[in-house]
Amino acid sequence: MMTAKEYMKQHERVVEKIRQIEIQIFDIEQTLGVKGINYDSQPHGSGISQVTESTATKLIELREVQRDLVDKLWTKRIEIERVIFMIKDATYAELLQRRYIRLQKWESIASDMKFDSRYIYKLHGKALIEADKIIRKINRT
């Protein structure tokens, strides 16, 4: 069974996969969009090379993967938010929301919540213990 921290980090991992796919899609779109303009009057073929066709096919495949990952992201996000919502301590819930859903950095969380950085780490540990209890309870049912 995974720890509460591992459970919470699943959202971040899916977000990172989506980001990587988006970069690949952007690169392919740039490749497809960059075509030289031919000003001579000579006849030319269809203008679509095998490389372009395979690149376009790859783009379609990546967009399908992207859609699947976005669906997975929302499913995972809803699961994690459900756990966070069940935490009774509002400070713990806010901290976990900021860290694992909004993907904020520790310094930003501490500043926004008006806590010392060291205290945020301590709160985080306690929040994960509460989240772990809830996750275990959910898994038992």
Side-chain angles (χ1 to χ4, degrees), residues 1-40 42-141:
M1 185 169 164
M2 70 177 68
T3 66
K5 187 174 185 176
E6 292 167 335
Y7 182 84
M8 297 286 177
K9 283 190 139 306
Q10 292 177 93
H11 177 262
E12 185 177 358
R13 285 192 294 275
V14 176
V15 168
E16 180 56 28
K17 284 181 188 175
I18 291 170
R19 190 186 68 75
Q20 290 170 356
I21 294 289
E22 287 172 347
I23 290 169
Q24 288 179 308
I25 289 171
F26 177 80
D27 289 346
I28 290 172
E29 287 173 340
Q30 293 301 307
T31 300
L32 291 174
V34 178
K35 292 190 178 200
I37 299 173
N38 191 345
Y39 294 104
D40 67 20
Q42 300 300 315
H44 299 282
S46 68
I48 299 176
S49 68
Q50 287 297 100
V51 173
T52 304
E53 287 176 25
S54 66
T55 304
T57 301
K58 178 72 173 166
L59 179 61
I60 291 167
E61 291 170 1
L62 283 172
R63 285 198 173 136
E64 287 173 13
V65 169
Q66 181 187 33
R67 275 191 297 276
D68 291 344
L69 283 171
V70 169
D71 288 346
K72 182 179 178 181
L73 173 69
W74 281 106
T75 301
K76 189 55 59 186
R77 181 177 178 147
I78 290 166
E79 287 175 17
I80 293 168
E81 285 182 328
R82 184 173 142 222
V83 169
I84 292 171
F85 180 76
M86 294 171 75
I87 294 174
K88 290 183 173 122
D89 187 299
T91 302
Y92 294 169
E94 180 181 355
L95 191 154
L96 293 176
Q97 175 76 21
R98 287 176 179 275
R99 182 66 181 166
Y100 296 106
I101 300 298
R102 297 184 197 166
L103 304 175
Q104 288 183 315
K105 303 287 182 201
W106 289 114
E107 303 81 31
S108 175
I109 296 169
S111 174
D112 291 350
M113 293 182 73
K114 312 280 190 266
F115 289 121
D116 179 73
S117 293
R118 290 178 299 201
Y119 187 60
I120 278 293
Y121 296 124
K122 190 174 186 176
L123 280 177
H124 177 251
K126 291 179 180 181
L128 288 176
I129 290 169
E130 292 303 310
D132 194 49
K133 290 176 189 174
I134 292 166
I135 293 165
R136 288 177 196 267
K137 185 177 178 181
I138 289 170
N139 287 336
R140 276 186 262 146
T141 58

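Source: prediction; values computed, not measured. Index from 1, following the sequence.
- Minimum heavy-atom separation, Leu69 to Val14: O-CG1, 3.5 Å.
- For the pair Met113 and Glu94, the tightest heavy-atom approach, listed with the atom from each and the gap, is CG-OE2, 3.7 Å.
- Separation of atoms CG (Leu73) and CD1 (Ile78) is listed at 9.5 Å; rounding is to 0.5 Å.
- Nearest heavy-atom pair, Ala127 versus Ile87, reported as atom, atom and distance to 0.1 Å: O-CD1, 4.2 Å.
- Rounded to the nearest 0.5 Å, atoms NE2 (His11) and CZ (Arg77) are 5.0 Å apart.
- A salt bridge links Arg136 with Asp132: the distance from a Lys NZ or Arg NE/NH1/NH2 to an Asp or Glu carboxylate oxygen falls below 4.0 Å.
- Shown here for Tyr7 and Ile80, the closest heavy-atom pair between the two residues is O-CD1, 3.6 Å.
- If you check the side chains of Gln20 and Gln24, you find no donor sitting under 3.5 Å from an acceptor.
- Ile21 is not listed as a side-chain neighbour of Lys17, based on a closest heavy-atom distance of 4.5 Å or more.
- Residue pairs that meet the ring-ring contact (aromatic ring centres under 6.0 Å, His included) test with at least one member in residues 106-141, sequence neighbours left out, are Tyr100-His124, Trp106-Tyr121, Trp106-His124, Phe115-Tyr119.
- A 4.5 Å side-chain heavy-atom check between Met2 and Ile135 finds every atom pair outside the cut-off.
- A salt bridge between Lys126 and Glu130 is absent, with no side-chain N of the basic residue lying under 4.0 Å from a carboxylate O of the acidic one.
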**Study point:** Derivation and outcome, side chain to side chain contact (heavy atoms under 4.5 Å, CB included), residues Leu96 and Leu128
**Key:** CA-CA 8 Å; Leu96 293 176; Leu128 288 176; 4.0 Å; yes
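- Within 6.0 Å of atom CZ in Arg102, more than 12 heavy atoms from other residues, nucleotides or ligands are found, so the atom counts as buried in its surroundings.
- Across all their heavy atoms, Ile84 and Gln97 have their closest contact at CD1-N, 3.8 Å.
- Using modelled atom types, no side-chain atom of Arg98 and backbone atom of Leu103 make a donor-acceptor pair closer than 3.5 Å.
- Proximity of a side-chain donor or acceptor of Glu6 to a complementary backbone N or O of Thr3 within less than 3.5 Å is detected.
- Taking 4.0 Å as the cut-off between side-chain N and carboxylate O, Glu22 and Arg19 do not count as a salt-bridged pair.
- Using a 4.0 Å cut-off between a side-chain N of Lys or Arg and a carboxylate O of Asp or Glu, Arg13 and Glu16 do not qualify as a salt bridge.
- Under a 4.0 Å N-O distance rule, the pair Glu79/Arg82 does not qualify as a salt bridge.
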